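Report on the structure given below.
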Amino acid sequence: MEEKSSGIVVSSVSYGENDKILNIFTLDKGMISARIKGVKKAGAKLKFASEPFCFSEYVFLKSGEKRTVISASLIDSFYPIRESVEKFYSAGVFAEFIRAFSREEILSPELFMLFAKSLEGLAYGEDNPIYTAVKFLISACSFVGYGLNLDGCVKCDGELNGRTFFDYDSGGFYCEDCFDGKGREILCSTYQALKSVSDGLLPPLDDLKKALKLLNYYLKNKAEITLKSLDQLIEIVK
């Protein structure tokens, strides 16, 4: 049986001498796996469809639970991502996050649209890749149940403009008067950078970098997820 779906390649592994197994995040089927044949050969017709971040309309031959790609029509390769190390690793963060939090054939249209729009922004937009990465992670965390509370102190609802504390267990921030010892002190400018990005504003680059580190800490401690691309991106932008 043939089926068709539009999706973005988030990862792949070699299979046999010339084939690959693709993990493709789709709008209408969620995460799926499919074999694509012969793409490691020079000049393979479908080689483009097996590349990281490739957005294509795929046609599969499905037999039981197994799928094989039989054709593909390119929607966007997001090629400019490959021309910048920061853009490439930021895109890797997106793909790893999707892979970590998506389940086989569980639909998540909001996450799919965020993924596609974020890749488009990296490839063709003018925003700093670190800004785009922070923006993606803030939104993506909220979609998968790990949203940060960026509305000021979670206890008194006051603005945060002095000593600031972050509790990774709740994803909330506290002022000095409300802090009860649970969590860690952070720079207020890090919180303000996260809030600025959430509001669509561009904070200073140094504060963006600190915000990226906090999000990495949060994912490791709250979600118990390590994104290798995020570790590498942080090293690159130090």
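Nothing here was measured: the structure is a model prediction, and the numbers come from that model. The first residue in the sequence is number 1, and the count goes up from there.
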Test salt bridge (charged side-chain N to carboxylate O under 4.0 Å, His left out) applied to Lys210 and Asp206, step by step:
CA-CA 7 Å; Lys210 293 182 178 70; Asp206 284 347; 5.4 Å; no

So if you build clusters from Ile, Leu, Val, Met, Phe, Trp, Tyr with side-chain heavy-atom gaps below 4.5 Å, do Ile75 and Ile32 land together?
no

4.5 Å side-chain heavy-atom contact, Tyr15 and Arg35
yes

If you measure from CD1 on Ile36 to CG on Asn18, what distance do you get to the nearest 0.5 Å?
12.5 Å

Closest approach of Ser198 and Leu150, non-hydrogen atoms and distance?
CB-CD1, 3.8 Å

In the structure I gave you, are the side-chain heavy atoms of Phe60 and Ile70 within less than 4.5 Å of one another anywhere?
no

Of all heavy-atom pairs between Leu111 and Ser102, which one has the smallest distance, and what is that distance?
CD2-OG, 4.1 Å

Got a donor-acceptor contact below 3.5 angstrom from the Ser118 side chain to the Phe115 backbone?
no

So, taking the atom named OG1 in Thr68 and the one named CG in Leu22, what distance separates them when rounded to the nearest 0.5 Å?
10.5 Å

Is any side-chain heavy atom of Val10 closer than 4.5 Å to a side-chain heavy atom of Ile24?
no

Please tell me if the side chains of Ile8 and Cys54 come closer than 4.5 Å, counting only heavy atoms from C-beta onward.
no

Does the side chain of Tyr124 pick up a donor-acceptor pair with the side chain of Asp76 at under 3.5 Å?
yes

Set out, in order, the CA-CA distance, both residues' side-chain angles and the distance that settles side chain to side chain contact (heavy atoms under 4.5 Å, CB included) for Phe78 and Glu120, then state yes or no.
CA-CA 7 Å; Phe78 304 110; Glu120 182 181 41; 4.1 Å; yes

Is the backbone of Tyr217 close enough, under 3.5 Å, to the side chain of Asn221 for a donor and an acceptor to pair up by distance?
yes

Are the aromatic ring centres of Phe136 and Phe97 under 6.0 angstrom apart?
yes

If you apply the rule side chain to side chain contact (heavy atoms under 4.5 Å, CB included), what do you find for Val134 with Leu194, and how did you get there?
CA-CA 8 Å; Val134 171; Leu194 289 165; 4.2 Å; yes

Passes side chain to side chain contact (heavy atoms under 4.5 Å, CB included), Ser12 versus Asn23? Steps please.
CA-CA 6 Å; Ser12 65; Asn23 288 302; over 6 Å; no

So, Lys37 and Asp19, do they make that salt bridge, N to O below 4.0 Å?
no

For Phe48, does the CZ atom have more than 12 heavy-atom neighbours from other residues, nucleotides or ligands under 6.0 Å away?
yes

Examine Leu187 and Leu208 and state if one hydrophobic cluster contains both, with Ile, Leu, Val, Met, Phe, Trp and Tyr joined whenever side-chain heavy atoms are less than 4.5 Å apart.
no

Side-chain donor-acceptor pairs under 3.5 Å in residues 153-174, sequence neighbours left out?
from, atom 1, to, atom 2, distance (Å)
Arg163, NE, Glu185, OE2, 3.0
Arg163, NH1, Glu176, OE2, 3.1
Arg163, NH2, Glu185, OE1, 2.9
Thr164, OG1, Gly162, O, 3.0
Asp167, OD1, Asp169, N, 3.1
Asp167, OD2, Ser170, OG, 3.1
Asp169, OD2, Lys182, NZ, 3.3
Ser170, OG, Gly172, N, 3.2

Examine Met31 and Ile21 and state if one hydrophobic cluster contains both, with Ile, Leu, Val, Met, Phe, Trp and Tyr joined whenever side-chain heavy atoms are less than 4.5 Å apart.
no

Locate the shortest heavy-atom distance separating Val69 from Ala34; write the atom from each residue and the value.
CG2-CB, 4.0 Å

For the residue pair Lys213 and Val237, establish whether any side-chain heavy-atom pair is separated by less than 4.5 Å.
no

Under a 4.5 Å cut-off applied to non-hydrogen side-chain atoms, are Lys20 and Lys47 in contact?
no

How about Phe53 and Val9: do any of their side-chain heavy atoms sit closer than 4.5 Å?
no

Would you kindly confirm whether Val59 and Leu27 end up in one hydrophobic cluster when ILVMFWY residues are joined by side chain heavy atoms under 4.5 Å apart?
no

Is the number of heavy atoms from other residues, nucleotides or ligands under 6.0 Å of Lys228 NZ greater than 12?
no

Flag if over 12 foreign heavy atoms under 6.0 Å of CZ, Phe179
yes

Heavy-atom closest contact (Ala140 atom, Leu114 atom, distance):
N-CD2, 3.5 Å

Is it the case that over 12 heavy atoms from other parts of the model lie below 6.0 angstrom from the CD atom of Glu224?
no

Any side-chain to backbone donor/acceptor pair from Tyr191 onto Gly152? Under 3.5 Å, distance only.
yes

Can you name the nearest heavy-atom pair linking Gly38 to Ala44, along with the distance?
O-CB, 3.2 Å

Is Leu107 reachable from Ile98 through a run of I, L, V, M, F, W or Y residues, each pair having side-chain heavy atoms under 4.5 Å apart?
no

Let me confirm one number: the OG-CG distance from Ser142 to Leu148, rounded to the nearest 0.5 Å.
9.0 Å

Working to the nearest 0.5 Å, report the span between CZ of Phe94 and CG of Leu230.
10.5 Å

To the nearest 0.5 angstrom, please state how far the CE atom of Met1 sits from the OG atom of Ser63.
9.5 Å

Count the heavy atoms belonging to other residues, nucleotides or ligands that lie under 6.0 Å from NZ of Lys135, then report whether that count exceeds 12.
no

Quiz item: cation-pi between Arg99 and Phe25, 6.0 Å / 45°
no

Does Leu202 reach the side chain of Ser196, with side-chain heavy atoms less than 4.5 Å apart?
no

Can you confirm whether the side chains of Asp127 and Thr132 place a donor and an acceptor under 3.5 Å from each other?
no

Distance (rounded to the nearest 0.5 Å) between Leu74 CG and Ser77 OG:
5.5 Å

Mark yes when over 12 heavy atoms from residues, nucleotides or ligands other than Lys40 sit less than 6.0 Å from its NZ; otherwise mark no.
yes

Hey, does the side chain of Lys87 reach the backbone of Leu122 with a donor-acceptor pair shorter than 3.5 angstrom?
yes

May I have the step-by-step check of side chain to side chain contact (heavy atoms under 4.5 Å, CB included) for Glu3 and Arg67, ending in yes or no?
CA-CA 9 Å; Glu3 63 178 23; Arg67 291 181 174 89; 2.3 Å; yes

Of all heavy-atom pairs linking Asp231 and Thr226, the shortest is OD2-CG2, 3.5 Å

Hey, are Ser229 and Glu96 close enough side-chain-wise for a donor-acceptor pair under 3.5 Å?
yes

